[in-house]
Number of protein chains: 2
Amino acid sequence: MTRRVKPEKSSAGLDDRKAAILEAVVREHIDTAQPVGSSAVATHGELAVSSATVRSEMVALEREGYLSQPHTSAGRVPTDKGYRYFVDHLQGGAVGPVTQQQIGDFFRTVRGEVEDVLSQTSTLLSRLTSYTSVVVGATQSFASILSAQLVNLDARHQLLVTVFADGSVTKHGVYLDHDVTPTDVAEASRQINALLIGTTVESRVQVPSGNDDVATLVRESVSVLHDQRPTREGEQVYIGGSSRVAEAFDGVETVRQVLTILEQELLVVSLIQDMIDQGVSVAIGSEHGFEPLASCAVVVAPLTVDGHPSGAVGLLGPTRMKYGEAMAAARAVSQELTRYLEGEPRV
Amino acid sequence: MTRRVKPEKSSAGLDDRKAAILEAVVREHIDTAQPVGSSAVATHGELAVSSATVRSEMVALEREGYLSQPHTSAGRVPTDKGYRYFVDHLQGGAVGPVTQQQIGDFFRTVRGEVEDVLSQTSTLLSRLTSYTSVVVGATQSFASILSAQLVNLDARHQLLVTVFADGSVTKHGVYLDHDVTPTDVAEASRQINALLIGTTVESRVQVPSGNDDVATLVRESVSVLHDQRPTREGEQVYIGGSSRVAEAFDGVETVRQVLTILEQELLVVSLIQDMIDQGVSVAIGSEHGFEPLASCAVVVAPLTVDGHPSGAVGLLGPTRMKYGEAMAAARAVSQELTRYLEGEPRV
DNA sequence: CCTGGCACTCAGTAGAATCGAGTGCCAACA
DNA sequence: TGTTGGCACTCGATTCTACTGAGTGCCAGG
């Protein structure tokens, strides 16, 4: 079968009219949550063709996997591939002035500790978009240490309290198998402080050898701080608007599944981190590989503070989410948040 | 109309048979989530009466507000008042050995910082009961201060880091309207530490007067620490198993409402705190005054560490929750958690 | 006071009929 | 060759009806 090459077809894309039709279908379906028929596209859209033409294009689009039919005699619904094409090609969206205003106002007036700001940011982003939002807080791997001290809880339990330049504070328990004197703890604390100030948790430092209590305490403390667990503990997750899940999906079962995922913060972090690492900003349907989230789309925007990757903001919605708005909002918030975090020293 | 006084009737209670019938209805309805009819009670239950008798008692129970009928030809469903009577009079339940075992295992093996333990406890409690669980962490109002130091972020921003005897650590930003020297900060830090060690955030301490930077820093720091905001910041909330909400209620709208409440942690804290303060352990339906939670029941058990009220554990479920199990589980977990928190110094 | 019996009520279900949005296909047309 | 109007067809959704049966309220007899 020889076949003439159609315009744009060979370049693995869609010709203009197909693209326009796909776009119309996606737009309409996002709006109405209903399958959209050929006449709706023909009437509503800007392309001056009849519904019959649209229909024949639609069968093509379906054959190529961009659309699907819930059943015969129904309209078409975009597939994940359809949404993907839409997102990749037909984008273009900035946040509206009102939203931009709200974001600006928020960061102009917000005060307090980083944790609170991140948490509130998550709420803000959720409110702006009507989707569930996720803010993954920075690790302090890059922040230099301002102070590290060992506090005596009792004879064999100490607490290592570390303050970082970004205003974050961590604590780690340091346990020994025998009692130590407060004097030794104080001395160890002094040495630890001297040793660690100015370094980061990624720096290697010279620890004292020796078997005396002070040296042991110092070694233990440094190692407990440097041993970031595989599930990096510097990362906090703030989930805002989880009730939006109940709005976005109609089946109670789907809602339950999505909530179950959201409960497992580690899962959420790694999902988002993976996306950031791979440089994608949208994952649609099962692109991210979590089956329970097959009916979801995730939008992320990275946070980069002083050149270091420092977490991300994300949005979770149904695959028929308003990608334009969501991506624009995520981007805007991540920018402003970045600026905020880079600006005034955060406390 | 003169009327003979029925047994137990005058004492604002229910006579034995009514109580038994009410109990049977509640039990059955909790089990099946369906309205329960007279024959089910007559057959299933232990009382040796016919369904006709049960029926006539049921109309009485309905007249008195313990039961209600969804519609004429349906069985009866307990009202909030019915559940209340059930909970108040017909209780009796301890956790099963398996559950007790799981709780024991958990606290025997769990390690880590208080926050993590509380968070995991919340997950545990939710898993044990299949309801959404809430753990409200202790305030440090009663814990004495082990260490307080001021860390220099930049010329006019300092961070007050305080370590408490219970292993908790807080940080507070201290801002001045002019620059201060690192030397002054160090000196202030020394003074603050000396001043605060051994006190609690509720103690009044003698702060230095004077207008020099050091004195100002000390005053600012002490006041920022003592000024617990009305929404006490020492309280952390850990919500476990929020996906259970989707299991407990069938209407998506109800799910959304409950989730919306759970998002507002302050609301949750104050709800639970109120219950604790008033000494109630179960709030059914609208007893707590939150209309959005009218279809919920809340079970709480206080945490009391070393004699001080230190938060609570709670469970949130539908009004037809398994009160016996839930209360027993909450009590058992709160006891074990208390023991854990009082035991090994917590880090 | 209890109980078996009986007429009655009414939500839920099943089946039949209908509706209509939307399709696929085709012949005619530009 | 691509586009279009027309047309028969499909099939989910909706409506209507009839029926079922769980459960009730009431009453007369024990």
Side-chain angles (χ1 to χ4, degrees), chain A residues 1-9 14-22 24-25 28-29 31-64 66-79 250-251, chain B residues 3-9 14-18 20-22 24-25 28-29 31-64 66-78 250-251:
Chain A
M1 259 203 254
T2 54
R3 188 186 289 193
R4 205 90 50 82
V5 173
K6 293 190 200 151
E8 301 260 355
K9 182 63 194 304
L14 258 27
D15 65 63
D16 288 355
R17 200 170 61 184
K18 279 204 182 62
I21 290 174
L22 176 57
V25 171
E28 188 75 8
H29 181 255
D31 246 39
T32 63
Q34 300 285 331
V36 358
S38 54
S39 64
V41 174
T43 320
H44 221 274
E46 287 83 17
L47 46 175
V49 292
S50 75
S51 66
T53 311
V54 174
R55 271 202 293 282
S56 71
E57 293 286 50
M58 275 173 149
V59 303
L61 282 167
E62 182 167 6
R63 195 179 341 108
E64 295 167 43
Y66 294 97
L67 295 178
S68 79
Q69 252 180 321
H71 57 262
T72 341
S73 93
R76 255 73 173 206
V77 159
T79 59
D250 19 41
Chain B
R3 190 187 284 190
R4 208 90 49 81
V5 174
K6 295 189 202 152
E8 301 259 358
K9 182 63 197 300
L14 257 29
D15 65 63
D16 287 356
R17 199 170 62 185
K18 279 202 182 67
I21 291 174
L22 176 56
V25 171
E28 187 75 9
H29 182 254
D31 246 42
T32 63
Q34 300 285 332
V36 359
S38 53
S39 63
V41 174
T43 318
H44 221 273
E46 288 84 16
L47 46 175
V49 290
S50 76
S51 66
T53 310
V54 173
R55 265 197 302 277
S56 71
E57 293 286 49
M58 275 172 147
V59 301
L61 282 167
E62 182 167 5
R63 199 178 338 111
E64 293 168 44
Y66 294 97
L67 295 177
S68 80
Q69 251 181 322
H71 58 262
T72 326
S73 70
R76 255 72 173 206
V77 159
D250 19 41

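Fair warning: this is a prediction, and the values are worked out from it, not measured in the lab. Lettering follows sequence order; numbering is per chain, from 1.
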Just the rounded figure in Å: distance from [atom2] of [N] to [atom1] of [X].
X	N	atom1	atom2	result
A/L67	C/dT23	CG	P	10 Å
A/R17	D/dT4	CZ	C1'	11 Å
A/I21	C/dT23	CD1	P	11 Å
B/K18	C/dC1	NZ	C1'	13 Å
A/E57	C/dT23	CD	C1'	16 Å
B/R63	D/dT24	CZ	P	16 Å

Per A/H71 side chain, nearest of listed nucleotides C/dA11, C/dT23, D/dC11: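 Of C/dA11, C/dT23, D/dC11, D/dC11 is nearest to the side chain of A/H71.
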
Non-hydrogen atoms of B/A42 and B/V49 that approach each other most closely: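 Closest approach of B/A42 to B/V49, heavy atoms only: CB-O, 3.7 Å.
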
Minimum-distance pair of heavy atoms, taken over all atoms of A/A24 and A/V41: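 Minimum heavy-atom separation between A/A24 and A/V41: CB-CG1, 3.9 Å.
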
I'd like to check the side chain to side chain donor-acceptor pair (under 3.5 Å) partners of [X]; sequence neighbours left out, ordered by chain and number.
X	result
A/T32	none
A/S50	A/T53
A/E62	A/R76

A/D250 atom CG, over 12 foreign heavy atoms within 6.0 Å: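 Incorrect, the count does not exceed 12.
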
Sugar-phosphate, base or nothing in reach of A/S51, heavy atoms under 4.0 Å: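 Nothing: the residue A/S51, judged by heavy atoms under 4.0 Å, touches no strand.
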
Side-chain N or O of B/T53 closer than 4.0 Å to phosphate OP1/OP2 of C/dT3: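 For B/T53, the contact criterion (side-chain N or O under 4.0 Å from OP1 or OP2 of C/dT3) is met.
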
B/S50 side-chain N/O to C/dC2 phosphate OP1/OP2 under 4.0 Å: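 Indeed not, no polar side-chain atom of B/S50 lies that close.
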
A/T79: partners by side chain to side chain contact (heavy atoms under 4.5 Å, CB included), with sequence neighbours left out: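 Side chain to side chain contact (heavy atoms under 4.5 Å, CB included) check on A/T79 returns A/S68, A/K81.
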
Set of side chain to side chain contact (heavy atoms under 4.5 Å, CB included) partners for A/A74, sequence neighbours left out: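 Partners of A/A74 by the side chain to side chain contact (heavy atoms under 4.5 Å, CB included) criterion, ordered by chain and then number, come out as A/P70, A/H71.
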
Test salt bridge (charged side-chain N to carboxylate O under 4.0 Å, His left out) applied to B/E57 - qualifying residues, sequence neighbours left out: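 So B/E57 forms a salt bridge (charged side-chain N to carboxylate O under 4.0 Å, His left out) with B/R17, B/K18.
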
Give me the distances for all protein-to-nucleotides 15-21 of chain C N/O pairs that come in under 3.5 Å?
none

Summary of protein contacts for nucleotides 24-29 of chain C, nucleotide by nucleotide, where a base hit scores B, a sugar-phosphate-only hit scores S (4.0 Å, heavy atoms): BB----

